[in-house]
> 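What follows is a single structure, and I will ask about it in a moment.
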Amino acid sequence: MANATISNTVEEQKRSDVREQLTIDDLDNRMLRILRKYRKRMDPSGYQSLPDLWQDLKPVLDATLQLPSYQAIQRLLNLTSSFYEFCHGYRADTEKDEFEEYFAAVDEAWMKIFQEKHDMTDRIRALSVLRDGNEFARDDLRLENALNGALQAALAVPKREE
């Protein structure tokens with residue numbers, strides 16, 4: 001009986017791992033399509049504006065937050081860096097309130113990620129990306145408080161589990 005329970009648990013874990021990997025593969029493929037379409041922004045087949053791109057990027061951001069935290073943080077680092085590139089590419093054609101909306105969504109995503117426990121290496125990597133975005137938003141987009149919540153969450157010392 002115990003062997004059957006262990007076998008069922010192992011099979012269940014394998015199925016869970018396969019589902020997780022399929023989700024990751026799907027997110028990676030979606031992000032690759034977004035990047036390719038962004039790079040064609042001067043072409044009619046590319047994104048014509050940041051709001052157009054955001055319609056595809058936001059669901060990827062939301063789905064990333066559904067991954068286990070150790071998977072989500074790496075994907076969110078990559079997504080955030082790409083997001084800055086997108087903002088830079090469309091900065092002349094995007095309204096300040098649109099930038100504020102998009103940066104707020106990224107800020108909220110990071111604050112959610114940092115509700116989970118992460119090692120110091122992940123926090124330092126995130127801090128570097130978040131500081132870059134904060135400076136870009138402040139200096140180039142005139143968004144004074146962009147990503148402040150995420151920066152504070154990254155700097156917060158996680159509570160010890162008891």
> Under a single-linkage definition using a 4.5 Å side-chain heavy-atom cutoff for Ile, Leu, Val, Met, Phe, Trp and Tyr, are Tyr70 and Leu65 assigned to the same hydrophobic cluster?
no
> Mind jotting down which residue pairs meet the salt bridge (Lys or Arg N to Asp or Glu O under 4.0 Å) criterion with at least one end in residues 125-149? Sequence neighbours excluded, please.
Asp122-Arg125
> Looking at every non-hydrogen atom in both residues, tell me the closest pair between Leu147 and Asn134 and how far apart they are.
CD1-N, 3.8 Å
> So, Asn78 and Gln74: side-chain donor and acceptor under 3.5 Å apart, yes or no?
yes
> Output the distance between atom CG (Leu61) and atom OG1 (Thr80), rounded to the nearest 0.5 Å.
7.5 Å
> If you look at every heavy atom in His118 and Arg123, which pair is closest and at what distance?
O-NE, 3.6 Å
> Is there a side-chain contact between Asp93 and Ser49, using heavy atoms and a 4.5 Å cut-off?
no
> Within a strict 4.5 Å, meaning less than it, do heavy atoms of the Phe114 and Leu155 side chains meet?
no
> Hey, could you give me the CD1/CG distance between Ile24 and Leu67, rounded to the nearest 0.5 Å?
5.5 Å
> Please name the pair of heavy atoms, one in Tyr84 and one in Leu130, separated by the smallest distance, quoted to 0.1 Å.
OH-CA, 3.8 Å
> Do the side-chain N and O atoms of Asn148 and Gln152 include a donor-acceptor pair separated by under 3.5 angstrom?
no
> Rounded to the nearest 0.5 Å, what's the gap from NZ on Lys37 to CG on Asp52? Could you check?
7.5 Å
> Applying side-chain contact (heavy atoms from CB on, under 4.5 Å), run through Val60 and Thr64 and close with a yes or a no.
CA-CA 6 Å; Val60 174; Thr64 297; 4.2 Å; yes
> Look at the side-chain heavy atoms of Ile, Leu, Val, Met, Phe, Trp and Tyr, link any pair under 4.5 Å apart, and say whether Leu77 and Met111 land in one connected group.
no
> Please report the interatomic distance CD1(Ile73) to CD1(Ile113), rounded to the nearest 0.5 Å.
6.5 Å
> Check residues 98-109 and write down every donor-acceptor pair under 3.5 Å in which the side-chain atom is one partner and the other belongs to a residue at least two apart or another chain.
| from | atom 1 | to | atom 2 | distance (Å) |
| --- | --- | --- | --- | --- |
| Glu98 | OE1 | Glu95 | N | 2.9 |
| Asp107 | OD1 | Gly149 | N | 3.4 |
| Asp107 | OD1 | Ala150 | N | 2.7 |

> Please check: side-chain N/O of Asp26 versus main-chain N/O of Leu22, any donor-acceptor pairing under 3.5 Å?
no
> Within the structure provided, determine whether Thr23 and Leu27 are in side-chain contact (heavy-atom separation under 4.5 Å).
yes
> Which atom pair, heavy atoms only, marks the closest approach of Gln48 to Arg41?
NE2-O, 3.8 Å
> Distance check, rounded to the nearest 0.5 Å: His88 atom NE2 versus Thr94 atom OG1?
12.0 Å
> Taking all heavy atoms of Pro68 and all of Glu20, pick out the closest pair and write down the distance.
CG-OE1, 3.3 Å
> Within the structure provided, determine whether Phe86 and Trp54 are in side-chain contact (heavy-atom separation under 4.5 Å).
no
> Looking at side-chain heavy atoms only, is the closest gap between Tyr47 and Ile34 below 4.5 Å?
yes
> To the nearest 0.5 Å, what is the distance between CG (Asp56) and CZ (Arg30)?
8.5 Å
